[in-house]
Amino acid sequence: MTRVDLSPRPVEAMSPRQLERRRSLIAAALALVNESGVERLQMKQVCERSGVALGTAYRYFSSKDHLLAAAIADWHRLLLADLTAEQRGPRGGPTSTDRVVRFVRHGMRAYQRQPQLARLRVAVSASTDPFASEALQGMARADRAALDTLMAQHPSPGGDLVRHIVGHAWQGELTAWVTGRTTLDDARHRLEEVVRLVLAP
């Protein structure tokens, strides 16, 4: 008996109309998370909000976890683009350390303004859905690319390891804040200190 492939359609293989449906699902998911949190969110609600049929939604996302991981990854990539543009400067301007410190500081403030999205990021990080994991890996690659841009004028020894450490520190401090183990101010301070430590000349 032939097995049917139930994997969601790859983004690069989607038509413009399919991409629009995918964007509608993501927008609806983010709006609902902001309104009522991630814990109570159901795929049926997302489909009702977006106008996409439930069966159709599963052609784009394998599960609720996959949809939510893709949603936070898309939002985070837009945030990174804004943060990177803010921190770019002429040669002879701020050092890599200064730029990356401001980058993570402003990034934490963005999550402070939308705490439900911080909770979403932490919630999906524990998902075992392989497609959700793939979306989160894409988010991590976007983090590294943004740090590459900020560090380009003042390369740091062990750049790959530095980017890895900063990315994990950011995730760890967000997790500690969202789960109530630390205050946002303490989390932000520790994250900035990690950046200074790993990027210090």
Side-chain angles (χ1 to χ4, degrees), residues 7-8 10-11 22-23 25-43 45-46 57-58 60-84 100 103-148 150 160-195 197-198:
S7 300
V11 174
R22 184 181 186 276
R23 283 191 291 268
L25 287 162
I26 285 175
L30 290 173
L32 287 163
V33 166
N34 272 321
E35 288 170 19
S36 55
V38 64
E39 294 82 6
R40 286 174 273 184
L41 184 74
Q42 297 179 354
M43 285 290 280
Q45 294 173 293
V46 176
Y58 284 106
Y60 305 108
F61 300 103
S62 62
S63 65
K64 183 177 81 169
D65 279 2
H66 181 200
L67 168 60
L68 292 177
I72 192 60
D74 277 13
W75 182 85
H76 186 77
R77 272 192 288 270
L78 292 174
L79 171 64
L80 291 179
D82 288 345
L83 295 176
T84 305
V100 177
F103 172 81
V104 297
R105 180 185 301 149
H106 294 175
M108 289 291 277
R109 284 177 181 162
Y111 277 105
Q112 179 184 16
R113 289 190 294 271
Q114 300 207 58
Q116 294 290 5
L117 297 188
R119 293 184 181 92
L120 171 57
R121 177 173 170 172
V122 170
V124 298
S125 68
S127 174
T128 58
D129 183 304
F131 295 103
S133 297
E134 188 178 299
L136 296 175
Q137 288 165 6
M139 188 165 73
R141 287 192 296 272
D143 277 341
R144 291 193 293 271
L147 290 169
D148 273 343
L150 297 175
D160 286 345
L161 184 56
V162 166
R163 291 185 290 275
H164 181 80
I165 291 169
V166 172
H168 277 268
W170 192 350
Q171 178 71 29
E173 293 302 339
L174 273 175
T175 301
W177 169 53
V178 163
T179 54
R181 296 198 297 271
T182 191
T183 66
L184 182 67
D185 284 344
D186 285 347
R188 187 164 54 225
H189 176 73
R190 274 192 301 269
L191 180 55
E192 291 175 18
E193 287 303 302
V194 167
V195 170
L197 181 64
V198 298

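Numbers here simply count residues along the sequence, with the first being 1. Values reported hereafter were calculated over all heavy atoms of this structure, with side chains retained and with hydrogens, waters and symmetry mates removed.
- The nearest pair of heavy atoms linking Met43 to Ala57 is CE-CB, 4.2 Å.
- The distance from the CZ atom of Arg119 to the CG atom of Leu174 is 11.5 Å, given to the nearest 0.5 Å.
- Atom-to-atom distance recorded for His106:NE2 and Gln112:CD is 12.0 Å, nearest 0.5 angstrom.
- Taking the side chain as every heavy atom from C-beta outward, Arg188 and Arg105 approach each other to under 4.5 Å.
- Within the 4.5 Å cutoff, the side chain of Val178 has no heavy atoms near those of the Tyr111 side chain.
- Counting only distance, with no hydrogens or angles, the side chain of Thr84 and the backbone of Ala81 share no donor-acceptor pair below 3.5 Å.
- A pairwise comparison of heavy atoms in Ser62 and Phe131 identifies OG-CD1, 3.4 Å as the closest pair.
- Atom CG of Leu136 sits about 9.5 Å away from atom CD1 of Ile72, to the nearest 0.5 Å.
- Met139 is not listed as a side-chain neighbour of Val124, based on a closest heavy-atom distance of 4.5 Å or more.
- The CD atom of Glu39 sits 9.5 Å away from atom CG of Leu120, with the distance rounded to the nearest 0.5 Å.
- Summarising the geometry of Lys64 relative to Leu41, their closest heavy-atom pair is NZ-O, 2.9 Å, with the distance given to 0.1 Å.
- Tested against Ile165, the residues Val194, Leu197, Val195 include a single side chain to side chain contact (heavy atoms under 4.5 Å, CB included) partner, Val194.
- No side-chain heavy atom of Phe61 sits less than 4.5 Å from a side-chain heavy atom of Leu68.
- Atom NE2 of His168 is separated from atom CD of Gln171 by 8.5 Å, given to the nearest 0.5 angstrom.
- Sorted by first then second residue, the side-chain hydrogen bond (donor to acceptor under 3.5 Å, both in side chains) pairs that include residues 132-144, not counting sequence neighbours, are His76-Asp143.
- When all heavy atoms of Ala142 and Arg77 are compared, the pair lying nearest together is CB-CG, 3.7 Å.
- The two residues Leu147 and Val100 have their closest heavy-atom pair at CD2-CG1, 3.7 Å.
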Assess whether side chain to side chain contact (heavy atoms under 4.5 Å, CB included) is satisfied between Trp170 and Arg121, documenting all intermediate values.
CA-CA 11 Å; Trp170 192 350; Arg121 177 173 170 172; 4.3 Å; yes

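- To the nearest 0.5 Å, the span separating CD1 on Ile26 from OH on Tyr60 amounts to 12.0 Å.
- The minimum heavy-atom distance linking Gly107 with Leu83 is given by the pair CA-CD1, 3.6 Å.
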